[in-house]
Amino acid sequence: MRVRFAPSPTGALHVGGARTALYNWFAARHTGGTLVLRIEDTDPARSTPENVEQILDALNWLGLDYDEGPISQVSRSERHQEVLAQLLDDGHAYRSNATKQQVDAYKAQHGSERGFRGESEASGAVRLRVPDEGASVVHDLIRGDTSFAHVHIDDPVIARADGSVLYNFAVAIDDLDAGITHVIRGEDHLSNTPKQLLVLEALGAPAPVYAHLPLLHGQDGKKLSKRHGAASVQEFREAGYLPEALRNYLALLGWGTDDDETILSTEELVQRFTIERVSKNPARFDHQKLRWMNGRYMRELSVEELTARLEAFTGRSGLRDAVEISKEKIQTLADFWPLAGFIFDGPADDPAAREKWLDEEGRTVLQDARAALEPIDPFTVEAVQGALEAVVAARGAKPRQVFQPVRVALAGRPVSPGIFETLAVLGREESLARLDRAIGL
RNA sequence: GCCGCUAUCGUCUAGGGGACUAGGACGCCGCCCUCUCACGGCGGAAACCGGGGUUCGAAUCCCCGUAGCGGUACCA
């Protein structure tokens with residue numbers, strides 16, 4: 001099996017494109033086949049080298065490698081011109097100066113039962129001659145056979161007047177030359193497939209097998225875009241998601257196993273993936289489920305590994321102890337600093353929390369707590385826990401009436417990792433200093 | 001408008017004629033655990049788009065309708 005991922009460098013790699021890349025990668029790795037990366041840059045107005053770089057970067061971060069490429073589509077223009085000349089020569093294509101208005105007028109005149117057919121002229125854009133009779137059938141592994149009657153298809157422009165080729169032509173030639181056996185791409189390409197089939201047929205060349213993936217939508221059912229929050233792979237990376245979690249989530253958007261397993265490692269995904277099991281209906285992207293899944297993946301990492309990722313993500317070092325006591329409470333890498341940053345940068349400033357927990361009574365609690373903690377050595381989780389529980393007992397208070405003021409004194413906010421663990425990580429000196437500062441307020 | 005694709009809980013899905021009082025996951029609700037927030041455990045509410053067929057029997061097959069989406073570019 002030879003498959004390809006062929007993004008157009010007109011912007012960042014979006015999750016829809018990433019999902020397409022992932023499925024191609026699964027198909028190739030599952031069968032021991034080959035994945036070709038091709039950059040569809042035939043639109044000079046929208047394609048930039050920066051975007052190519054960004055796409056390559058995103059694929060790399062996602063952990064998707066390829067066996068051939070990246071090859072630029074424009075780099076193959078010599079070959080494209082050769083085929084174009086051949087089609088012009090043997091009458092499968094012709095030049096035409098017909099404008100959009102003329103095409104519309106033609107169709108208005110002939111009704112819906114007749115696609116546009118132009119006259120051969122000496123100059124102009126190149127159009128492919130579509131037969132009046134018959135139909136092109138797309139053989140699709142996901143959708144079965146879909147038939148498109150030729151009478152409904154306009155003679156498509158396959159090259160601009162300046163000679164540069166267009167997508168529906170280039171894609172057919174490039175897939176053919178690359179020996180692509182299975183074209184796995186988004187469903188938005190299904191309706192244009194007969195035009196590509198017609199190019200191949202004019203050449204007497206064989207067609208690949210297709211697999212048109214259902215599209216991805218935002219939570220509102222509309223096409224996924226910026227309005228839905230993160231939409232590009234880069235944005236998910238910056239939002240603190242793990243590539244392995246994103247792979248798992250994306251894999252399940254349009255594909256599932258017969259036993260409906262949810263957490264599947266990349267190895268399992270490769271082993272179990274088959275195109276035939278891809279769903280036919282469009283899927284909505286659910287950030288909440290991704291978040292949940294990302295949390296699962298983070299908790300499965302060792303403290304060492306998670307620390308390494310968090311240090312890379314935050315650009316800080318010495319995070320290990322803080323990571324260890326925060327691990328169960330965060331779902332993304334970005335959640336860490338808001339939760340545990342106070343350990344390094346000092347208490348956060350939360351007036352509402354101070355007002356609620358560091359009132360007159362709260363400060364007497366802190367004095368008791370300070371007195372109980374002061375003599376402790378070594379300053380371990382067990383030791384501080386014993387000391388604070390003794391304070392609770394001595395005051396006849398509810399546990400939270402003691403723990404919350406201490407928490408706010410240390411963290412500045414009412415939410416933090418476990419209070420005993422936090423004390424132990426901060427150490428005796430720093431803990432007492434923070435209590436003193438809060439008492440003095 | 002025309003052409004095409006699709007249609008199971010709010011969302012992702014399992015299901016491919018009888019195993020369906022329709023299963024799982026996220027989310028939601030309740031309870032438990034508990035120093036906050038989480039994590040974890042237990043329980044609950046929640047769906048076969050509508051109408052015709054085919055069949056002894058339809059979520060599963062066919063047709064029509066409806067809805068959503070895609071295409072209809074000298075974009076990809």
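Within every chain, numbering begins at 1; the chains are lettered A, B, ... in the order of the sequence lines, protein sequences first and strands thereafter.
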Original post:
When you measure from the side chain of A:D154, which nucleotide among B:U36, B:U72, B:A76 comes out closest?
Top reply: B:U72
**OP:** State whether A:R143 places a side-chain N or O below 4.0 Å from either non-bridging phosphate oxygen (OP1 or OP2) of B:G4.
**Re:** no
Subject >> Interatomic distance at C1', B:G40 relative to B:C5, whole Å >> reply: 43 Å
Original post:
Nearest-Å distance, CH2 (A:W255) to P (B:A14)?
Top reply: 10 Å
**OP:** Give one of base, sugar-phosphate or nothing for A:R299, where a contact means two heavy atoms less than 4.0 Å apart.
**Re:** sugar-phosphate
Original post:
When the C1' atoms of B:A14 and B:A25 are considered, how many whole Å apart are they?
Top reply: 11 Å
Subject >> Which residues share a side chain to side chain donor-acceptor pair (under 3.5 Å) with A:T364, sequence neighbours left out >> reply: A:R395
Original post:
Looking at A:F148 versus A:H152, is the centre-to-centre ring distance below 6.0 Å?
Top reply: no
**OP:** Please determine, for the side chain of A:E187, which listed nucleotide (B:G4, B:A73, B:C74) has the closest atom?
**Re:** B:G4
Subject >> C1' atoms of B:A22 and B:G17, separation to the nearest Å >> reply: 15 Å
Original post:
How is A:S191 classified with respect to the nucleic acid when contacts are heavy atoms under 4.0 Å: base, sugar-phosphate, or nothing?
Top reply: base
Original post:
Which part of the nucleic acid does A:A283 contact within heavy-atom distance under 4.0 Å: base, sugar-phosphate only, or nothing?
Top reply: sugar-phosphate
**OP:** Can you tell me, in whole Å, how much space there is between the P of B:C42 and that of B:G51?
**Re:** 39 Å
**OP:** In whole angstrom, give me the gap between the C1' atoms of B:C56 and B:G68.
**Re:** 37 Å
**OP:** Would you mind telling me which of A:D174, A:D177, A:D175 makes a salt bridge (charged side-chain N to carboxylate O under 4.0 Å, His left out) with A:R4?
**Re:** A:D175
**OP:** Please work out if A:H189 contacts a base, only the sugar-phosphate, or nothing of the nucleic acid, heavy-atom cut-off 4.0 Å.
**Re:** base
**OP:** Respond yes when some side-chain nitrogen or oxygen of A:N192 is under 4.0 Å from OP1 or OP2 of B:C3, and no when none is.
**Re:** no
Original post:
So what does A:K398 hit on the nucleic acid, given a heavy-atom distance under 4.0 Å: a base, only sugar-phosphate, or nothing?
Top reply: nothing
Subject >> C1' atoms of B:C20 and B:G57, separation to the nearest Å >> reply: 14 Å
Using the 3.5 Å cut-off, write out each protein N or O paired with an N or O of nucleotides 46-51 of chain B and the distance between them.
none

Original post:
Between A:F273 and A:Y23, does a ring pair (Phe, Tyr, Trp, His ring centres under 6.0 Å) hold up when you go through it step by step?
Top reply: CA-CA 8 Å; A:F273 184 85; A:Y23 280 26; 5.1 Å; yes
Original post:
Which is true for A:G254 with a 4.0 Å heavy-atom rule: it touches a base, it touches only sugar-phosphate, or it touches nothing?
Top reply: sugar-phosphate
**OP:** Name the nucleic acid region contacted by A:G256, choosing base, sugar-phosphate or nothing; use a 4.0 angstrom heavy-atom cut-off, strictly under.
**Re:** nothing
**OP:** Pick the P atom in B:U6 and in B:U21, then give their distance to the nearest Å.
**Re:** 29 Å
Subject >> Selection residues 13-22 of chain A - residue pairs positive for salt bridge (Lys or Arg N to Asp or Glu O under 4.0 Å), sequence neighbours left out >> reply: none
Original post:
Can you find a side chain N or O atom of A:R38 that sits less than 4.0 Å from OP1 or OP2 on B:A76?
Top reply: no
Original post:
Which whole-number value in Å describes the distance from A:N294 CG to B:A25 C1'?
Top reply: 16 Å
Subject >> Proximal nucleotide (of B:U6, B:U72, B:G4) relative to the A:F148 side chain >> reply: B:G4
Original post:
Looking for any heavy atom pair under 4.0 Å, which part of the strands does A:T146 touch: base, sugar-phosphate only, or nothing?
Top reply: sugar-phosphate
**OP:** Using both distances under 3.5 Å as the test, list the Watson-Crick or G-U wobble partner of B:C3, or none.
**Re:** B:G70
**OP:** May I ask you to list the residues of residues 323-333 of chain A, by number, that have any heavy atom positioned under 4.0 Å from an atom of RNA chain B?
**Re:** A:E328, A:K329
Subject >> Check: A:R407 side chain, B:C35 base, donor-acceptor under 3.5 Å >> reply: yes
Subject >> Residue A:L166, side-chain atoms from C-beta onward, closest of B:C37, B:A14, B:A76 >> reply: B:A76
Subject >> Same-atom distance (C1') from B:A7 to B:U60, integer angstrom >> reply: 14 Å
Subject >> Sugar-phosphate, base or nothing in reach of A:R277, heavy atoms under 4.0 Å >> reply: sugar-phosphate
Original post:
What nucleotide, of B:A76, B:A25, B:C35, holds the atom closest to the side chain of A:Q404?
Top reply: B:C35
Original post:
What nucleotide, of B:C35, B:C26, B:G71, holds the atom closest to the side chain of A:Q288?
Top reply: B:C26
Original post:
Using purine N1 to pyrimidine N3 plus N6-O4 or O6-N4 for Watson-Crick, or N1-O2 and O6-N3 for G-U wobble, both under 3.5 Å, which nucleotide pairs with B:U54?
Top reply: none
Original post:
Which is true for A:F420 with a 4.0 Å heavy-atom rule: it touches a base, it touches only sugar-phosphate, or it touches nothing?
Top reply: base
Original post:
Got a sec, which residues hit side chain to side chain donor-acceptor pair (under 3.5 Å) with A:E305, two or more places apart in sequence or on another chain?
Top reply: A:R309
Subject >> Any donor-acceptor pair under 3.5 Å from A:D345 side chain to A:F342 backbone >> reply: no
Original post:
A:F313 and A:W337: ring pair (Phe, Tyr, Trp, His ring centres under 6.0 Å), yes or no, with the steps?
Top reply: CA-CA 10 Å; A:F313 186 79; A:W337 203 257; over 10 Å; no
Subject >> Side chain of A:S8 (C-beta onward), nearest among B:G4, B:A76, B:C35 >> reply: B:A76
Original post:
Of A:V278, A:I275, A:L190, A:D188, which is the lone residue that meets side-chain contact (heavy atoms from CB on, under 4.5 Å) with A:L213?
Top reply: A:V278
**OP:** Identify, between A:G418 and A:S147, the residue whose nearest nucleotide on RNA chain B lies closer to the 5' end.
**Re:** A:S147
Original post:
Which atoms form the tightest heavy-atom contact between A:L410 and A:P347, and what is the distance?
Top reply: O-CG, 3.5 Å
Original post:
Centroid-to-centroid, A:H287 to A:F285, below 6.0 Å?
Top reply: yes
Original post:
By side chain to side chain donor-acceptor pair (under 3.5 Å), which residues pair with A:E268, not counting sequence neighbours?
Top reply: A:S265
Original post:
When you measure from the side chain of A:D260, which nucleotide among B:C35, B:U13, B:C75 comes out closest?
Top reply: B:U13
**OP:** Classify the side chain of A:K100 versus the base of B:A73 as yes if they form a donor-acceptor pair under 3.5 Å and no if they do not.
**Re:** no
Subject >> Closest contact, heavy atoms only, A:P405 versus A:G362 >> reply: CB-O, 4.1 Å
**OP:** Once you apply the 3.5 Å cut-off to both distances, tell me the Watson-Crick or G-U wobble partner of B:U21, or none.
**Re:** none
**OP:** With the side chain of A:D188 defined as its heavy atoms from C-beta on, choose the nearest nucleotide among B:G70, B:C5, B:U6.
**Re:** B:G70
**OP:** Among B:U72, B:A76, B:A25, find the nucleotide with the atom closest to the side chain of A:T262.
**Re:** B:A25
**OP:** Just name whichever nucleotide pairs with B:C31, Watson-Crick or G-U, keeping both distances under 3.5 Å, else none.
**Re:** B:G41
**OP:** Mark yes when over 12 heavy atoms from residues, nucleotides or ligands other than A:E361 sit less than 6.0 Å from its CD; otherwise mark no.
**Re:** no
Subject >> Phosphate OP1/OP2 of B:A76 contacted by A:T42 side-chain N/O (<4.0 Å) >> reply: yes
Original post:
At under 4.0 Å between heavy atoms, what does A:P414 touch on the DNA or RNA strands: base, sugar-phosphate, or nothing?
Top reply: base
Subject >> Phosphate contact (B:G68 OP1 or OP2) by A:R284 side-chain N/O below 4.0 Å >> reply: no
Original post:
Which base sits across from B:C26 as a Watson-Crick or G-U pair, both distances under 3.5 Å?
Top reply: B:G10
